[in-house]
There are 2 protein chains.
Amino acid sequence: MSQRNTGVTPQFIEEACPIVEVLDHVAGKWAIGIIVAAARGPVRFTELERTVNGISRRMLTLTLRKLERDGLLVRTVYPTVPPKVEYSLTDIARELHESLSLLVDWAERHRGTISAARRSYDTAAAS
Amino acid sequence: MSQRNTGVTPQFIEEACPIVEVLDHVAGKWAIGIIVAAARGPVRFTELERTVNGISRRMLTLTLRKLERDGLLVRTVYPTVPPKVEYSLTDIARELHESLSLLVDWAERHRGTISAARRSYDTAAAS
DNA sequence: CAGCATCCATGGCGATACTG
DNA sequence: CAGTATCGCCATGGATGCTG
């Protein structure tokens, strides 16, 4: 992401390559999990913490903010005691979710094949 | 990826969450670029180096190896001088490419909306 | 409950020089 | 041409303790 010593700025790359740009926002390892989790309705913070496997509180917060900033998530605060916050997908995020579902389907379909390929690659390398 | 101090091993998370598993392999910032580039036919190393915007030689090599290991890419070496190596997609990678195309389409469609959302979020924060 | 602040380890990744 | 080897920075992300 940082090209300090070249003339190529990160900005230039982002402009030039929408693919990279999107993926840097969506593919942050946790983002998809959150989007999928929020897809079937508003979700609360703690709910996400339990649902998204292995995420830390810090990363959950950071990722939520990023997604909110990108206009993929709406954050609704209920001024109750104790506080209650709900996150829900925006329209464009719901659209994104459909594409992601295909990806997830693909993953599940080929999971076996992939790990088999990996095993065979590794044993071949151990020649 | 490392949960050293908890009882939760990386293995467990990978088992439990195919989504994360796939994305860790596919969403490595460069993988998609490479897959898209290789989608219309066999590509050579240097060709990829030029095509995939901003990638370093090191990361290109590493990502290619990873994709080959996962059975998404086939590496063909022509024993000529100078050497010639071609990378082409496997069937499951071609399938993946279709899903990725949808993602890329989505990205291009909403690029403007997203950066607008980001700007508005940032100005609101500068209150 | 929801989240921010701080500290700290790891490794992702770029730059670069060398090789068959 | 198509890599491999080495070095070093800094971003990612976990752990943890504090707050409205």
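Quick caveat: nothing in here was measured; it's all calculated off a predicted structure. To find a chain, count down the sequence lines: A is the first, B the second, and so on, and within it residues start at 1.
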Q.
Can you measure A:Lys66 atom NZ to C:dG3 atom C1' for me and round it to whole angstrom units?
A. 18 Å

Q | A:Leu62 CG to D:dT12 P, straight-line distance once rounded to whole Å | A | 9 Å

Q | Whole-Å gap separating C1' (D:dA2) and OH (B:Tyr87) | A | 8 Å

Q) Any side-chain heavy atom of B:Leu96 within less than 4.5 Å of one from B:Leu89? A) no

Q: Check every atom of D:dG13, C:dA2, D:dT4 against the side chain of A:Val85 and return the nucleotide holding the closest atom.
A: C:dA2

(Q) Could you work out, with salt bridge (charged side-chain N to carboxylate O under 4.0 Å, His left out) as the rule, every residue matching A:Glu47, not counting sequence neighbours? (A) none

Q.
So, using side chain to side chain donor-acceptor pair (under 3.5 Å) as the criterion, who are the partners of B:Glu86 when residues are at least two apart?
A. B:Tyr78

Q. Quick one: CD1 on B:Ile55 to CG on B:Leu62, what's the gap to the nearest 0.5 Å?
A. 9.0 Å

**Q.** Transitive ILVMFWY cluster of A:Leu102, excluding itself - 4.5 Å side-chain cut-off
**A.** B:Leu102

Q: Starting at atom CE of B:Met59, determine the distance to atom C1' of C:dG11, rounded to an integer number of angstrom.
A: 11 Å

Q | With sequence neighbours excluded, residues passing side-chain contact (heavy atoms from CB on, under 4.5 Å) with B:Thr90 | A | B:Val74, B:Ile92, B:Ala93

Q. Counting side-chain heavy atoms from CB outward, which of D:dG14, D:dA2, D:dG3 is closest to A:Ser56?
A. D:dG14

Q.
Could you tell me how far apart A:Arg65 (CZ) and C:dA2 (P) are, to the nearest whole angstrom?
A. 12 Å

Q: Please check if the side chain of A:Arg75 supplies one atom and the backbone of A:Glu68 the other of a donor-acceptor pair under 3.5 Å.
A: no

Show which side-chain atoms of residues 36-46 of chain B pair as donor or acceptor with protein atoms under 3.5 Å away, not counting sequence neighbours.
none

Q: Give, for atom CZ of B:Arg109 and atom CD1 of B:Ile114, the distance between the pair rounded to the nearest 0.5 Å.
A: 10.5 Å

Q: Could you tell me, to 10°, how much the axis swings from one end of the helix from C:dC1-D:dG20 to C:dG20-D:dC1 to the other, five pairs per end?
A: 50°

Q. Who pairs with B:His97 by ring pair (Phe, Tyr, Trp, His ring centres under 6.0 Å), at least two apart in sequence or on another chain?
A. none

Between the protein and nucleotides 17-20 of chain D, which nitrogen or oxygen pairs come in under 3.5 angstrom?
none

**Q.** Sorted by number, the residues of residues 71-80 of chain A with heavy-atom contact under 4.0 Å to DNA chain C
**A.** A:Arg75

**Q.** Strand contacts (DNA chain C) in residues 40-50 of chain A, 4.0 angstrom heavy-atom criterion
**A.** A:Arg44, A:Phe45, A:Thr46

Q: Mind checking salt bridge (charged side-chain N to carboxylate O under 4.0 Å, His left out) for B:Arg65 and listing every partner two or more places apart, or none if nothing turns up?
A: none

Q | Linked, directly or transitively: B:Met59 and B:Leu48 (ILVMFWY side chains, under 4.5 Å) | A | yes

Q) Between B:Trp30 (CH2) and C:dC13 (P), how many Å, whole number? A) 9 Å

Q: Taking the side chain as every heavy atom from C-beta outward, state whether B:Val52 and B:Thr63 have any pair of such atoms under 4.5 Å apart.
A: no

Q) Under the side-chain contact (heavy atoms from CB on, under 4.5 Å) test, which residues partner B:Val81, sequence neighbours left out? A) none

Q: To the nearest Å, give me how far apart CD1 (B:Ile55) and P (D:dA2) are.
A: 14 Å

